[in-house]
Amino acid sequence: MKLLQYIIQRFVMYFLVLFIGITITFFLPRLMPSDPINNYISQVQARAGQSLSTEATQQLRDQLAELYGLKGDLFTQYTSYLARVARFDFGPSFTYYPEPVIDILMDALPWTAGLLITTTLLAWLIGNSIGLIAGYFNKRRWAGALEVVGIILYPIPYYILALVVILIFAYWLALFPLSPTFLPGPMSWSKTVSILYNSFLPALTLVLAGFGWNVLAMKALAVATKEDAYVQFARLKGTTDRTRMTNYVFRNAMLPQITALVLSLGFIFNGAIQTEVIFSYPGIGMTMRAAAGNGDYNLLYGSIILTIISVATAALVLDLIYPLFDPRIRLGG
Amino acid sequence: MQTDKKRRWLPKLNARLTIGLTIVTILTTGSLILPFFTTVDPAAQGTYMKNLPPSQAHLLGTNALGQDIFWYLVFAVRNSLLLGVTVSIGVTIIATSLGLSAGFIGGWYERVVVVFMDTFITIPVLPVLIVLGAVVRGNTSFMVVALILIVFGWAWNARTIRSMSLSLREREFVNMARFSGAGVGAIIAREIFPFVYAFMIVGFINTILFAINTEAALAVIGLSNVVVPTLGSIIFWALNYNAILIGQPLWIIAPIVTTVVLFLGLFLTSSGYNDLSAEKRGVA
């Protein structure tokens with residue numbers, strides 16, 4: 001019954017987070033001292049010279065207000081916005097008119113999801129393994145060297161790592177292209193290879209950026225856990241170092257690390273955006289950057305809402321499978 | 001900002017704290033004092049000959065925009081640090097008051113605070129800044145960026161402070177104070193604050209890192225105010241002019257090295273201080 005209560009609570013939290021997040025993204029831009037419609041019209045006027053009549057301008061203004069959902073008072077706007085978000089209807093893209101925003105986003109989402117899920121899992125596994133070894137054998141000298149790797153990598157921002165990776169692998173060693181070119185057309189073996197080849201540098205950046213923290217946190221946890229009485233008892237029973245490290249220390253020390261992963265998902269997504277833009281990788285981050293440059297507000301709104309939904313859902317999924325990892329929780333017990 | 005503490009603990013400083021504080025002190029004082037020795041606006045273009053190699057007059061040479069790279073970098077470090085400290089002051093005030101009050105008042109108030117905390121931890125701040133940057137069309141003032149970073153940055157620290165106060169409120173010395181008739185305010189100020197204080201300093205430094213990092217990331221992709229020299233805008237311009245391809249590696253390598261050194265310094269300071277205070281209190 002405890003478990004059911006936990007699941008229900010977690011779902012309620014999920015929808016609350018979505019609701020608040022979506023509400024904030026609605027109100028925040030409206031607090032800014034700037035009007036996107038005026039911006040857009042002055043852009044059009046600058047392009048058309050003085051040839052735009054007042055009526056035409058007014059007509060354009062009305063159309064834009066309709067398109068952006070800026071008609072009526074704030075409350076009407078807000079409710080119709082929520083209704084549209086619930087239907088995933090973000091209207092047409094401005095740059096690729098009349099292609100719906102949701103189609104563009106659905107093209108970009110697999111790229112970001114594929115890159116992020118792979119690299120986050122790798123970073124978590126590699127980082128925690130290194131941290132576990134460094135923490136379990138913390139009396140040895142090489143364990144300190146492993147920790148130094150974590151200390152140096154952890155505080156470096158994503159965009160710096162991306163640039164360093166480019167400098168080394170694309171300029172200096174010239175092993176990889178500066179910006180990726182993906183073969184068009186249906187999936188094939190050569191296309192798969194080109195995707196993997198071109199995604200290697202962004203993926204390397206994200207893995208490097210992700211594992212520093214895991215090394216440091218896991219090392220501290222492992223140092224503390226290996227002194228626990230149950231690990232000492234296992235040692236006296238005659239278990240090997242390896243068994244104690246993986247089955248005794250890691251089983252318990254990994255739990256806070258799963259929680260830490262859930263909490264850092266938003267931060268990881270920030271990193272993905274930077275990495276995608278710097279490598280011109282065709283995911284959500286790149287789409288957002290292009291939309292911001294083109295003043296494509298529908299596309300921008302669509303991407304930020306998709307971002308919030310993705311991150312919140314990933315956190316929900318991780319929290320829901322958490323009990324499976326916890327050795328203290330017995331299902332149905 | 002930590003010099004007085006430094007003196008008191010000088011004999012017990014650990015290696016991390018020593019290295020970290022040295023780096024931070026050099027970069028902070030350097031970037032705050034050096035600007036008084038120049039009359040030239042480092043962001044003004046065409047001040048000097050373009051693409052000069054490093055020399056006595058231009059320590060790191062000049063870039064394709066006719067700016068002195070060294071002086072631009074000095075101002076960039078100063079502006080980024082000022083932004084970081086401003087955001088961090090705001091975040092620390094909000095996080096401490098919300099975290100402590102949520103832990104102590106409890107009930108509905110706590111639940112509401114926790115929901116907002118979880119929301120702000122979940123929402124990635126960079127997309128929000130990108131949308132706002134697009135709405136104000138490149139006129140993102142430094143203050144707006146700072147404000148948004150405060151709005152989205154408090155939750156992490158508040159979460160830690162809340163869980164600290166949750167465990168502290170059950171400790172015996174707190175109950176003792178309560179039975180002696182101390183009010184909630186007095187308990188928080190006299191019994192709890194000394195414990196939370198160490199984390200506040202760690203959180204303060206980490207928030208500086210977060211703020212500088214996020215603004216720089218926004219600038220590197222060209223969506224902050226790139227006219228103001230920051231650790232991000234210098235890289236934005238270097239990338240825009242293909243610094244490496246036109247044979248000016250220093251333009252991009254200098255800010256990269258500076259950022260790495262500064263971030264490493266700040267991180268070593270915060271984690272070194274964390275170790276030190278944990279050792280002192282006998283808790284990890």
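Atoms considered below: every heavy atom in the structure, side chains included; atoms not considered: hydrogens, waters and symmetry mates. Just so we're on the same page: letters track the sequence lines, and every chain starts at 1.
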Does Leu28(A) reach the side chain of Ile148(B), with side-chain heavy atoms less than 4.5 Å apart? yes

Chain B interface, residue from Ile284(A), Leu167(A), Ile151(A), Ile24(A) that has the most non-hydrogen pairs under 4.5 Å: Ile151(A)

If you define the side chain from C-beta out and look only at heavy atoms, does anything of Leu239(B) sit under 4.5 Å from Leu163(A)? yes

Whatever's closer than 4.5 Å to a heavy atom in chain A on Ile212(B) counts as neither

Smallest heavy-atom separation, Pro155(A) atom then Phe263(B) atom, equals O-CD2, 3.0 Å

Tell me, for Leu262(B) versus chain A, whether the close heavy atoms (under 4.5 Å) come from the side chain, the backbone, both or neither. neither

Check Thr119(B) against Gly21(A) and note the closest heavy-atom contact, atom names and distance. CG2-N, 3.9 Å

Residues of residues 260-272 of chain A with any heavy atom under 4.5 Å of a heavy atom in chain B: Leu263(A), Ser264(A), Gly266(A), Phe267(A), Phe269(A), Asn270(A)

Does any heavy atom of chain B fall under 4.5 Å from the side chain of Met13(A), the backbone, both, or neither of them? side chain

Under 4.5 Å to a heavy atom of chain A? For Phe210(B) that would be neither

Report which part of Val220(B) has an atom under 4.5 Å of a heavy atom belonging to chain A: side chain, backbone, both, or neither. side chain

What part of Ala216(B) gets closer than 4.5 Å to chain A, counting heavy atoms only: side chain, backbone, both or neither? both

Evaluate the side-chain proximity of Asn213(B) to Tyr159(A): yes if any heavy-atom separation is below 4.5 Å, no if none is. yes

Nearest-0.5 Å distance that lies between atom CD1 in Ile273(A) and atom CD1 in Ile221(B): 7.0 Å

Report, as yes or no, whether the 6.0 Å neighbourhood of atom CZ on Arg159(B) holds more than 12 heavy atoms from other residues, nucleotides or ligands. no

Which region of Val151(B), side chain (C-beta onward) or backbone (N, CA, C, O), has a non-hydrogen atom less than 4.5 Å from a non-hydrogen atom of chain A, or is it both or neither? neither

How about Ile130(B) and Arg289(A): do any of their side-chain heavy atoms sit closer than 4.5 Å? no

Close side-chain approach of Ile160(A) to Val260(B), heavy-atom, < 4.5 Å: yes

Count the heavy atoms belonging to other residues, nucleotides or ligands that lie under 6.0 Å from CZ of Phe11(A), then report whether that count exceeds 12. no

Is there a side-chain contact between Thr122(B) and Ile308(A) (heavy atoms, below 4.5 Å)? no

Val311(A) side chain near Ile123(B) side chain, heavy-atom distance below 4.5 Å: no

Segment of Phe19(A) engaging chain B (4.5 angstrom heavy-atom cut-off): neither

In chain order, what residues pass the ring-ring contact (aromatic ring centres under 6.0 Å, His included) check against Phe116(B), with sequence neighbours excluded? none

Let's test your reading of the structure: which of Thr214(B), Asp118(B), Asn206(B) forms the most heavy-atom pairs below 4.5 Å with chain A? Asp118(B)

Okay, Ala312(A) and chain B: the region with an atom under 4.5 Å from a heavy atom over there is both

